[in-house]
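Remember, predicted model here, so these are calculated numbers, not experimental data. Labels below follow one simple rule: chain letters A, B, ... track the order of the sequence lines, proteins then strands, and each chain is numbered from 1.
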Amino acid sequence: MRSDPTILGFDTSAAHCAAALLQGDAVYGERVVEMARGQGEALMPLLEETLGARGLRLSDLDALAVGIGPGNFTGIRIGVSAARGLGLALGIPAIGVSMFDVMAFRTMGDSVLVSLPAPRNEVYVQPFRRGRPAGEARVIDLDAPPKDLQMSFGMFIVGHRAGELARAFEASSLDAALEDIPRRLCLIAAQRLSEASSFPRPAPLYIRPADAAPSRVAAPKIIG
Amino acid sequence: MKPLTVLGIETSCDDTAAAIVQEAALGDRILSNVVMSQERLHAAFGGVVPEIAARAHAEKLDHAVEAALDEAGLGLPDIDAIAVTAGPGLIGGVLSGVMLAKGLAAGSGRPLVGVNHLAGHALTPRLTDDLAYPYLMLLVSGGHCQFLIVRGPDAFQRLGGTIDDAPGEAFDKTARVLGLSQPGGPAIEREAGQGDPNRFSLPRPLLDREGCDLSFSGLKTAAIREIERLTAAQGGLTEADRADLAASFQSAVTDVLAEKSRRALEAYIAEAPRQPVLAVAGGVAANETIRSALRSVAEAAGARFVAPPLALCTDNGAMIAWAGIELLHAGHLSDMTLAARPRWPLDTGQAPLLGSGKKGAKA
């Protein structure tokens, strides 16, 4: 892989359409367009604009970076499906980047717990050590955070309602919101491109199982 | 225009499907037709769970596309256009399909064409039998039931349709209350083969009313009442009871579809088509009892009966690719703002049969 890859990063995992372009060592055209719906219609034109502003085409790209969540299920699928289609057609890697990675970007602490907003009174969390995921992502109740999340060596909690969460642990904290998503997607993907040559296809990070209840219809009793 | 080779993508329900179809002589058109069924994923829930379906489509569809290309021995550069189901259907799956198709189209520089899923079914007899317009179509599946006069790739006149459940839905629900496996169609058909279709007198909804509209939800309710009556009287159902109920249910659905088809044929033949045809599509058309009743009705009316092979009656990518070919020749193209639509009636000139309000007509 080239040392200065051209990467298009995009995200639709929340109520926005976001994109940015990494070219050489600079990020261009970072845009986050807020929208509650219509991302499926807006995403591709936004990508074309982002490339067009630099006089580039899709065929100039070395890789794609896409946000895989956690977040809005439908939104995550919009981005991931587009990335898979583009990756397949262009023959370039489509690199899935989680919002935990985005939040933890350049947070190099030994013991970091990253917290992201979830529906109701819950948060999504994932532990990181030295900037790398160090455990499974999970969803937890803010009123009863599981004790096994306690990390040693100066635990630091960063993200959504981090201060509140820190009260349940021996930890310092910093309340932070996700920002700079498309730029960070590009930079994280560039880092990964420099470390590996093949990548799994981007897959949604839902954390929550699909909402589905087994059938309650009882079969009739069959008598002999 | 040179003969087209088109990739078709279909994800509107629980089949993840991709196919390559080329314009060629009958029999040489379908280069590949990959269908990855999700049946197993939904089995425990007694029906298709939209979120489970959407999750599976999002992670399988690109594999289905690659398999379809491989089987056809082609690469994306050999494809002239990408056709994708843009609705109606379960929106999560449709959206995944549309976005993957947009990525493929943008990345390969090939045109994109959004296809109505129902048009895919309705145009299948042209893919398989080169039918001439206009022909009468009975579309009968797990999600849909309507009579259409097909006049062109974008010209459909609806003569009637279900006002509640689709027959496939009624088969599934009735199989569930009888304790038979899903999907209910084949399960009931097997069971009915050993039963007496005349033992239980189940209703034939809307037969007393004019026109071609149908109703199936009451039929399922009537079957439940018979089960409750038998259970109260004898503590359960005997194997014979179950087979007889399945047969009686199948017979009622058959009678309703046959009689309404007869009326639809009457309206269609009044137009004096040169070669009258009744064609069927949809999974329910696989039922042998229903199929032979429809054939008799068509023959009695002097119409040819056309039923595509089962693999092309149920959801598949080949029908979408073919509809894409027909739409491209009619000058249709979509751009990158193509929207996925949960609801998209084929015939918008008619008063809605189902659904209204903010979401619009369902059928």
Review point. Between A/Arg84 (side chain) and B/Leu100 (backbone), is there a donor-acceptor pair under 3.5 Å?
Key: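 Between the backbone of B/Leu100 and the side chain of A/Arg84 there is no qualifying donor-acceptor contact (under 3.5 Å).
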
Looking only at heavy atoms and a cut-off of under 4.5 Å, which of [options] has the most pairs with chain B?
| options | answer |
| --- | --- |
| A/Ile223, A/Leu61, A/Leu86 | A/Ile223 |
| A/Pro220, A/Ala82, A/Ser59, A/Pro209 | A/Pro220 |
| A/Gly85, A/Gly91, A/Gly38 | A/Gly85 |
| A/Ala212, A/Ala219, A/Ala42 | A/Ala212 |
| A/Ile76, A/Ile222, A/Leu90 | A/Ile222 |

Review point. Which residue pairs pass the salt bridge (Lys or Arg N to Asp or Glu O under 4.0 Å) test with at least one member in residues 18-36 of chain A, sequence neighbours excluded?
Key: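 Sorted result for residues 18-36 of chain A: A/Arg31-A/Glu49.
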
Hey, which of [options] has the most heavy atom pairs under 4.5 Å with chain A?
| options | answer |
| --- | --- |
| B/Gly107, B/Gly179, B/Gly97 | B/Gly107 |
| B/Val177, B/Leu61, B/Asp241, B/Val98 | B/Val177 |
| B/Gly103, B/Ala58, B/Ala105 | B/Gly103 |

**Study point:** A/Asp211 atom CG: more than 12 heavy-atom contacts under 6.0 Å
**Key:**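 It does not: A/Asp211 CG has 12 such atoms or fewer within range.
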
Review point. What do you reckon, is CD of A/Glu136 surrounded by more than 12 foreign heavy atoms closer than 6.0 Å?
Key: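 Open.
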
Practice item. Taking the side chain as every heavy atom from C-beta outward, state whether B/Met336 and A/Glu41 have any pair of such atoms under 4.5 Å apart. Key: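 Answer no - side chains too far apart.
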
Interface moiety of [X] toward chain B, non-hydrogen atoms closer than 4.5 Å:
| X | answer |
| --- | --- |
| A/Ala213 | backbone |
| A/Leu43 | side chain |
| A/Leu58 | side chain |

Review point. Taking it one step at a time, do B/Glu66 and A/Arg201 satisfy salt bridge (charged side-chain N to carboxylate O under 4.0 Å, His left out)?
Key: CA-CA 13 Å; B/Glu66 286 179 290; A/Arg201 300 179 195 216; 2.6 Å; yes

Between [X] and [Y], which heavy-atom pair has the shortest distance, and what is it?
| X | Y | answer |
| --- | --- | --- |
| B/Leu104 | A/Ala89 | O-CB, 3.6 Å |
| A/Met44 | B/Ala106 | CE-CB, 3.6 Å |
| A/Leu88 | B/Val65 | CD2-CG1, 4.1 Å |
| B/Glu59 | A/Ala203 | OE1-CB, 3.7 Å |
| A/Pro45 | B/Thr337 | CG-CG2, 4.0 Å |
| B/Ser96 | A/Ser81 | OG-OG, 3.3 Å |

Segment of [X] engaging chain A (4.5 angstrom heavy-atom cut-off):
| X | value |
| --- | --- |
| B/Ile227 | side chain |
| B/Leu237 | both |
| B/Leu178 | backbone |
| B/Gln234 | both |
| B/Val49 | side chain |
| B/Ala44 | backbone |

Check your understanding: Can A/Glu48 and B/Lys102 be counted as an ion pair, charged N to O under 4.0 angstrom?
Key ->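 Salt bridge between A/Glu48 and B/Lys102, a charged N being under 4.0 Å from a carboxylate O: no.
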
Point to revise | Ionic contact status for B/Glu51 with A/Arg208, cut-off 4.0 Å | key: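 B/Glu51 and A/Arg208: not salt-bridged.
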
**Study point:** A/Arg77 and B/Arg55: CA distance, side-chain angles, deciding distance, side-chain contact (heavy atoms from CB on, under 4.5 Å) verdict
**Key:** CA-CA 8 Å; A/Arg77 283 191 286 268; B/Arg55 289 184 177 196; 3.6 Å; yes

Point to revise | Contacts of type ring-ring contact (aromatic ring centres under 6.0 Å, His included), residue A/Phe105, not counting sequence neighbours | key: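 Per chain and number, A/Phe105 pairs via ring-ring contact (aromatic ring centres under 6.0 Å, His included) with no residue.
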
